[in-house]
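Here is the structure we will look at.
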Amino acid sequence: MTTHTDELLERYRAALVPVFGVPQTVLDHGDGCYVVDVDGKRYLDLLGGIAVNTLGHGHPAIVEAITKQVSQVMHISNFFASRPQVELAEALLRVCRAPEGSGVFFANSGAEAIEAALKLTRRTGRHRVIAMEHAFHGRTMGALSLTWKPAYREPFEPLVPGVSHVPYGDPDALRAAVAEAGDDLAAVLLEPIQGEAGVIVLDEDYLRLARELTRDAGALLVLDEIQCGMGRTGHWLAHHATDVVPDAVTLAKGLAGGVPVGALVTYGPHVTGLLQGGQHGSTFGGNPLACAAGLATIRTVESDGLLENAAAMGRALTEGVLALGHPRVAGVRGRGLLLAITLTEPVAASAMTVAREAGFLVNAVAPDALRLAPPLVLGPAEVESFLAALPGVLDAAVPPSSPAS
Ligand SMILES: *Cc1c(COP(=O)(O)O)cnc(C)c1O
């Protein structure tokens, strides 16, 4: 019997550019932390659209904000301003703890926020940017120049020149690269937690060192918080766990709870003044619809105590997974609700499939790691149901079949 899923995936194959491979299933609707596919199968969504659905699916605050804004005005161009745009910028500056004279540039995606950051670094009059090995910053040509993975980069070379990659978390390598770039160093750009690389948390001392070295070199420290920011770690921004103050931060993913948006936040008047009138822009960036969704997201995170919830549910998941004592669990890394369950064998891809069949959406972020980035509204009952299912999932997972010999 052909299911609706099979039928739609067949049509997907025939109609879409195959850059994502064949999707796992076809989702139809969602409610809270759950999504339902076109054949009516229900899943606990522990991936949250890859750290996007901050408030889960169909949250009344988002539905109401968007519905109201759509009927009021959806788009006006940047020749005009709107109240949601101004209010979201103000709210972002507040939650980012940005000092007086800071600013926000709105884009529509993470890669676009990174493009804005890259253009900002050029305005220092310098050309060299130090990024990190295993970094992910997006797929547009500028963002790709900062992204590390050779398989993503090499088909598209030559990329933007001047970028070098240093081992993530290695202080000596960073010192050497900063010294080598000399007075052409425009910026060090890094993720406080590398998401796509497998949820790798950067050492706090390294972040402080990056701050000191860039300050001394007269260069910018740009933090990519597109995945780890907006409350996910239990702090508004992941780097708020430290005393480091960056020069710029990029945001996207969870910022508007599922509506496409990106933002570059520039810290203080000097950095904010680097981009002058006419030097950057975006048709859709800062549109009232996305900004209304962003505002509703921030207000709900605050009113519903979701930073505290992210921290508490992250602890419950981490402790619960470790307490299983399952032989295939090596550990849990990450912060708050950005976690990776590390495995003793490369069975993550199979575990993801088995979990989905059992009604749980997780992501095999590496051959030996399962990423969880659920909505911040995740509750104890959802944590319990996942912990109850995980041993069976791990038991049933099999290593990838070896290539035919
Ligand atoms: C997802 C991601 C990006 C790119 O965002 P897009 O919206 O996919 O362009 C950039 N940086 C980090 C850290 C990300 O996780």
Side-chain angles (χ1 to χ4, degrees), residues 17 19-20 23 47-54 96 105-121 129 131-149 152-153 156 159-160 163 165 168-169 187-202 207 210 221-233 235-239 246 248-265 282 284-287 290 293-294 297 333-340 363-366 369 371-374:
V17 174
V19 289
F20 297 105
L47 190 56
I50 317 184
V52 167
N53 300 101
T54 305
C96 288
F105 173 82
F106 285 117
N108 311 288
S109 68
E112 282 182 49
I114 292 286
E115 293 294 331
L118 191 56
K119 285 181 73 174
L120 181 80
T121 71
V129 178
M132 301 291 131
E133 291 182 4
H134 302 280
F136 184 81
H137 300 295
R139 307 283 204 144
T140 57
M141 293 298 272
L144 194 54
S145 312
L146 296 157
T147 289
W148 177 77
K149 202 174 182 175
Y152 292 170
R153 300 163 51 86
F156 304 100
L159 297 169
V160 176
V163 179
H165 291 90
Y168 192 58
V188 171
L189 189 149
L190 58 84
E191 301 155 85
I193 300 176
Q194 286 187 332
E196 295 310 297
V199 190
I200 317 289
V201 181
L202 189 62
L207 201 56
L221 176 64
V222 183
L223 299 182
D224 180 350
E225 294 242 12
I226 288 168
Q227 185 160 160
C228 59
M230 295 317 293
R232 182 145 293 280
T233 63
H235 299 278
W236 271 116
L237 299 180
H239 78 266
V249 165
T250 54
L251 299 167
K253 291 200 166 84
L255 171 50
V259 177
V261 69
L264 171 69
V265 181
S282 165
F284 289 120
N287 70 81
T297 303
R333 64 187 178 219
R335 293 282 184 272
L337 288 176
L338 182 56
L339 297 172
N363 164 247
V365 70
R371 171 171 50 178
L372 309 179

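For the single chain, residues carry numbers from 1 onward in sequence order. Read the numbers this way: they start at 1 and go in the same order the structure lists the ligands and their atoms.
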> Can you find an N or O of E191 that's nearer than 3.5 Å to an N or O of ligand 1?
Replying inline: no
>> Can a side-chain donor-acceptor contact be found between E196 and Q227 if the only test is distance below 3.5 angstrom?
In response: yes
> For atom 11 (N) of ligand 1, which candidate among I50, D224, T140 holds the nearest heavy atom?
Replying inline: D224
>> Are any of the N/O atoms on F136, whether in the backbone or the side chain, positioned under 3.5 angstrom from an N/O atom of ligand 1?
In response: yes
>> Heavy-atom distances under 4.0 Å decide this one: backbone, side chain, both or neither, for A111 against ligand 1?
In response: both
> Which ligand 1 atoms, with their elements, are less than 4.0 angstrom from a heavy-atom of H137?
Replying inline: 10 (C), 11 (N)
>> Tell me the closest heavy-atom pair linking L251 and A113, and the distance in Å.
In response: O-CB, 3.8 Å
>> Could you tell me if the side chain of L146 sits less than 4.5 Å from the side chain of L118, heavy atoms only?
In response: yes
> Is the shortest distance from atom 8 (O) of ligand 1 to a protein heavy atom below 4.0 Å?
Replying inline: no
>> Salt bridge check, E225 against R232: does any charged N sit closer than 4.0 Å to a carboxylate O?
In response: no
> Looking only at heavy atoms, what is the nearest atom pair of F106 and V261, with distance?
Replying inline: CD2-CG2, 4.5 Å
> Looking only at heavy atoms, what is the nearest atom pair of L338 and V199, with distance?
Replying inline: O-CG1, 3.4 Å
> Out of curiosity, F156 CZ to L144 CG, how far, rounded to the nearest 0.5 Å?
Replying inline: 7.0 Å
>> So for ligand 1, is Q227 a polar contact partner (N or O within less than 3.5 Å, distance only)?
In response: yes
> Can you tell me which residue and heavy atom of the protein come closest to atom 5 (O) of ligand 1, and the distance to 0.1 Å?
Replying inline: G110 CA, 3.2 Å
>> Can you tell me which portion of K253 lies within the under-4.0 Å heavy-atom range of ligand 1? Options are side chain, backbone, both, or neither.
In response: side chain
